[in-house]
Amino acid sequence: MKKKMVAFLMTLVMTTGMLAGCSSAEAQEDTAVLRVGMECAYAPFNWTQETAEVSNGDTAVPIYGSSYYAYGYDVMMAQMIAEQLGMELEIHKVEWDSIGLAMDSGEYDCIIAGMGKTPEREASYAFTTPYYYRDNCLTVKAGSGLENITSLEELAGRNISVTTQTGTGWVSLMEQIPDRVEAANYATTAECFMAVSNGVADAALIDKPTAESALLTNTDLVILTFEEGKGFVDDNGMTNVCIATRLDDTELRDKIQGAMDALEWDKEKMDEMMSLAIELQPAAN
């Protein structure tokens, strides 16, 4: 009887240990990986490249489920946050139109993808403070006669056709362009710039870093420089680029915010890293 009891207790201890080990491993798996969703097609914020090598010696991050790699401002930011939190970084490539749905379904846990914090999005996601402040601008074709425009009001009566990316706050910003004609909008910013280059649209309403990035490989494009107070008024939050988590996952949002606070992330550091991202962008992007 005594031997049976000892055997039973040994079995119980081993079973408990195994269960505890499984629970510990599962908890570690849940907390050790920062799973991030982004387009990987929105340079200089994020892009796709074939190898891990970056021209300055940095290392791009493998894209989950593929043989490609991701880099850019968003990836650099994600790397710093993951390191600050002691987590591994996992990048998931997703189409912009489904980026929120994929997070809600559990494919990844946060979005670091140049997303503006608009009032509409705040109803669906939990946001950090901005990790980048961007200016919005119009990009036109060289030789179009629009290159010297310095204010939105100068566009009155010109009936220019304007395109932008679908599902973004830029769509509502288009209302500030007088006498505009809305051209077709596109799923990616690259398609918007191509529409201007091909004469399908007169102007693309996109943020300035992305436009500057596009000009590296599209020499026929020009960014309009508006005088102070004569450009876009951002009432919908597209200037504030923030990190998003699921609405009920404020625990992760707060951890990410804590990492940003520890990094003392400010506008000077934002602008410095964005300049580097533009510089490091491969020609194909």
Side-chain angles (χ1 to χ4, degrees), residues 28-116 125 128 131-132 134 165-168 186-194 206-207 209-210 213-214 216-217 241-246 249 252-253 255-256 259-260 273-274 276-285:
Q28 185 177 6
E29 183 179 352
D30 288 342
T31 59
V33 180
L34 182 64
R35 302 187 304 159
V36 180
M38 61 181 65
E39 288 176 276
C40 301
Y42 176 36
F45 285 92
N46 53 74
W47 64 73
T48 297
Q49 56 185 64
E50 294 184 352
T51 66
E53 289 75 29
V54 181
S55 60
N56 70 338
D58 288 348
T59 303
V61 177
I63 296 175
Y64 182 80
S66 83
S67 59
Y68 294 96
Y69 297 81
Y71 207 62
Y73 185 95
D74 291 331
V75 178
M76 296 157 77
M77 191 76 226
Q79 285 176 315
M80 289 190 296
I81 291 171
E83 182 178 354
Q84 187 71 32
L85 294 175
M87 303 174 74
E88 294 294 325
L89 177 60
E90 187 175 282
I91 298 294
H92 290 250
K93 184 173 184 175
V94 60
E95 296 294 329
W96 176 255
D97 288 346
S98 58
I99 198 165
L101 293 173
M103 181 173 69
D104 287 338
S105 70
E107 290 186 26
Y108 40 83
D109 302 310
C110 67
I111 296 170
I112 307 180
M115 177 182 278
Y125 314 115
T128 64
Y131 69 97
Y132 186 72
R134 64 184 167 198
Q165 186 181 22
T166 57
T168 66
Y186 299 91
T188 67
T189 56
E191 291 173 292
C192 296
F193 294 122
M194 186 178 298
I206 308 290
D207 64 88
T210 306
S213 180
L216 295 177
T217 52
V241 181
C242 303
I243 298 171
T245 65
R246 288 182 284 275
D249 195 359
L252 178 59
R253 187 272 312 274
K255 284 182 180 179
I256 294 173
M260 291 171 60
M273 195 165 80
M274 181 56 77
L276 179 60
I278 294 174
E279 177 185 329
L280 296 176
Q281 174 195 332
N285 288 275

Atom pair [atom1]/[atom2] of [X] and [Y] - distance to nearest 0.5 Å:
X: Tyr132; Y: Asp207; atom1: OH; atom2: CG; result: 7.5 Å
X: Leu34; Y: Leu252; atom1: CG; atom2: CG; result: 6.5 Å
X: Arg35; Y: Met103; atom1: CZ; atom2: CE; result: 11.0 Å
X: Ile111; Y: Glu39; atom1: CD1; atom2: CD; result: 10.5 Å
X: Met115; Y: Cys110; atom1: CE; atom2: SG; result: 11.0 Å
X: Thr245; Y: Asp104; atom1: OG1; atom2: CG; result: 10.0 Å

Are any non-hydrogen side-chain atoms of [X] and [Y] less than 4.5 angstrom apart?
X: Phe193; Y: Thr210; answer: yes
X: Tyr68; Y: Glu50; answer: yes
X: Tyr73; Y: Pro44; answer: no

Closest heavy-atom pair and its distance - [X], [Y]:
X: Ala60; Y: Ala70; answer: CB-O, 3.4 Å
X: Ile99; Y: Gly37; answer: CD1-O, 4.1 Å
X: Gln165; Y: Thr189; answer: OE1-CG2, 3.7 Å
X: Asp97; Y: Thr166; answer: OD1-OG1, 3.4 Å
X: Phe45; Y: Pro209; answer: CE1-CB, 4.4 Å
X: Ala102; Y: Ser105; answer: O-OG, 2.8 Å

Please name all residues satisfying salt bridge (charged side-chain N to carboxylate O under 4.0 Å, His left out) with Arg246, sequence neighbours left out, ordered by chain then number.
Asp109
Identify, with sequence neighbours excluded, every residue that meets side chain to side chain donor-acceptor pair (under 3.5 Å) alongside Arg134.
Tyr42
Residue set satisfying side chain to side chain donor-acceptor pair (under 3.5 Å) with Asn46, at least two apart, ordered chain then number -> Asp74
Hey, are Thr48 and Lys93 close enough side-chain-wise for a donor-acceptor pair under 3.5 Å?
yes
Using side chain to side chain contact (heavy atoms under 4.5 Å, CB included), reason through Met76 and Leu276 one step at a time and then give a plain yes or no.
CA-CA 10 Å; Met76 296 157 77; Leu276 179 60; 3.6 Å; yes
Sidechain-backbone polar pair: Gln79 side chain, Thr59 backbone, donor-acceptor under 3.5 Å:
yes
Pairs touching residues 78-104 that satisfy ring-ring contact (aromatic ring centres under 6.0 Å, His included), sequence neighbours left out
Tyr64-His92, His92-Tyr108
Sequence neighbours excluded, which residues qualify as side chain to side chain contact (heavy atoms under 4.5 Å, CB included) partners of Ala190?
Thr188
Those residues at least two apart in sequence (or on a different chain) that pass side chain to side chain contact (heavy atoms under 4.5 Å, CB included) with Ser98 are Val94, Glu95
Test side chain to side chain contact (heavy atoms under 4.5 Å, CB included) applied to Val36 and Ile81, step by step:
CA-CA 11 Å; Val36 180; Ile81 291 171; over 6 Å; no
Would you say that more than 12 heavy atoms from the other residues, nucleotides or ligands in this model lie under 6.0 Å from the CE of Met273, or not?
yes
